[in-house]
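Some notes on the structure that comes next.
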Amino acid sequence: MTSIDTPPTSEAPVDPALPAALHGPVLAWFDRHARDLPWRRPEAGAWGVMVSEFMLQQTPVVRVLPVYEQWLARWPRPADLAAEAPGEAVRAWGRLGYPRRALRLHAAAVAITERHHGDVPRDHGQLLALPGIGEYTAAAVASFAYGQRHAVLDTNVRRVFARAATGVQYPPNATTAAERRLARALLPEDETKASRWAAASMELGALVCTAKSEDCGRCPIAERCAWRLAGKPAHDGPPRRGQTYAGTDRQVRGRLLAVLRESADPVAQADLDVVWDEPVQRARALDGLVADGLVEPLDGGRYRLPLS
DNA sequence: CACCCGTGGTT
DNA sequence: TAACCAAGGGT
């Protein structure tokens, strides 16, 4: 009886009856309460789903909505975006944040045009190979756009599963193998039902089982929730990394790029210098933007969004 | 695996 | 008000 054969508690087997007990209530709740988001409408297509997933990486739905509409109207197919200069994608990204996502979405559109005849690939592995698409986004596009059966583990789903199945308030900082195993165990066998489940469990986390003020009174699985049944114990592990922003390179980069986004013409060094008074940090931030391909340096100390 | 990468609203 | 949070990905 040594500990080497004892699985850690985080890898406890899933209650065999749990999946079926959760599917009905959550799917029925989703039928009634799902938001009518534009990327969920049939006309969005796989490209619409993919654009929305890029924009929703760390950016709230309400801020994505207007930019999404502009992008799909301007670039209705991957080839339309691929034909543009990458700097135009960065400019149209506006203030969504993390502008490297715009660059990667543009690069993904180029790859789709070159390697996939302009159609968003259906295969999870091919999606994963595209720039800016990781484990989550590949599964999300395959599931939401093509109705495939994939475990879609985003921050909402991870929180819902941590509470309902594992009985803790928050999931670990980084996604664990135990979480992936749990997500697979909870995934309905039927493909259509599985893709619906992915969207429904995510929506439940976004609307009801939220990070701070969860509303168990509106939760369809409150009676089955391990965390609630345990008396909703507070998170004990290490605090999740706080992200300070003021004074960081990210803030400087944001200010520099804002100047370049607003200008149709190349910008003089002096017009960038005014956004931050500390010259060393300012130079480091600008160099970083150039290294990332977000900014193109020109002769005479001028800069612009990248044309290529 | 820890850290970096924007932005703005909420508590 | 500082901290936290928001459909992550890349290194």
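Each chain gets a letter, A, B and so on, in the order the sequences are listed, and its residues count up from 1.
Between A:T175 and A:Y136 the shortest side-chain heavy-atom distance does not fall below 4.5 Å.
Between A:E84 and A:R74 there is a salt bridge, since a side-chain N of the basic residue sits under 4.0 Å from a carboxylate O of the acidic one. A salt bridge between A:E203 and A:R40 is present, with a side-chain N of the basic residue lying under 4.0 Å from a carboxylate O of the acidic one. Comment: A:E223 does not engage A:R228 in a salt bridge, judged by the lack of any side-chain N to carboxylate O separation of less than 4.0 angstrom. Taking the charged nitrogens against the carboxylate oxygens, A:R282 and A:D273 do have a contact shorter than 4.0 Å, which makes a salt bridge.
Within the 4.0 Å cut-off from OP1 or OP2 of B:dC4, not a single side-chain nitrogen or oxygen of A:R250 is found.
Crowding of A:R77 atom CZ: a count of heavy atoms from other residues, nucleotides or ligands under 6.0 Å not exceeding 12. With a 6.0 Å radius and a threshold of 12 heavy atoms from other residues, nucleotides or ligands, A:R32 has its CZ atom at or below the threshold.
Heavy atoms of A:D292 sit nowhere under 4.0 angstrom from any nucleic acid atom. Residue-level contact check: A:R284 touches neither bases nor backbone, having no heavy atom under 4.0 Å from any strand.
Comparing B:dA2 with C:dA7, their C1' atoms sit 23 Å apart, to the nearest whole Å. C:dT1 and B:dG6 have their P atoms separated by 26 Å, given to the nearest Å.
Going from atom CZ of A:F54 over to atom P of B:dT7 covers 19 Å, rounded to whole Å. With rounding to whole Å, A:Y245 atom OH is found 6 Å from B:dT7 atom C1'. Between the P atom of B:dC1 and the CG atom of A:N173 lies a distance of 11 Å, rounded to the nearest Å. Whole-Å rounding puts the A:Q251 CD to B:dC5 C1' distance at 14 Å.
Closest-nucleotide positions on DNA chain B for A:G94 and A:A174 were compared, and the one nearer the 5' end corresponds to A:A174. Of the two residues near DNA chain B, A:T175 and A:R255, the one whose nearest nucleotide lies more 5' is A:T175.
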**Fill in**
Per-nt protein contacts along nucleotides 5-11 of chain C (heavy atom under 4.0 Å; B base, S backbone sugar-phosphate only, - none) come out as BBBBBS-
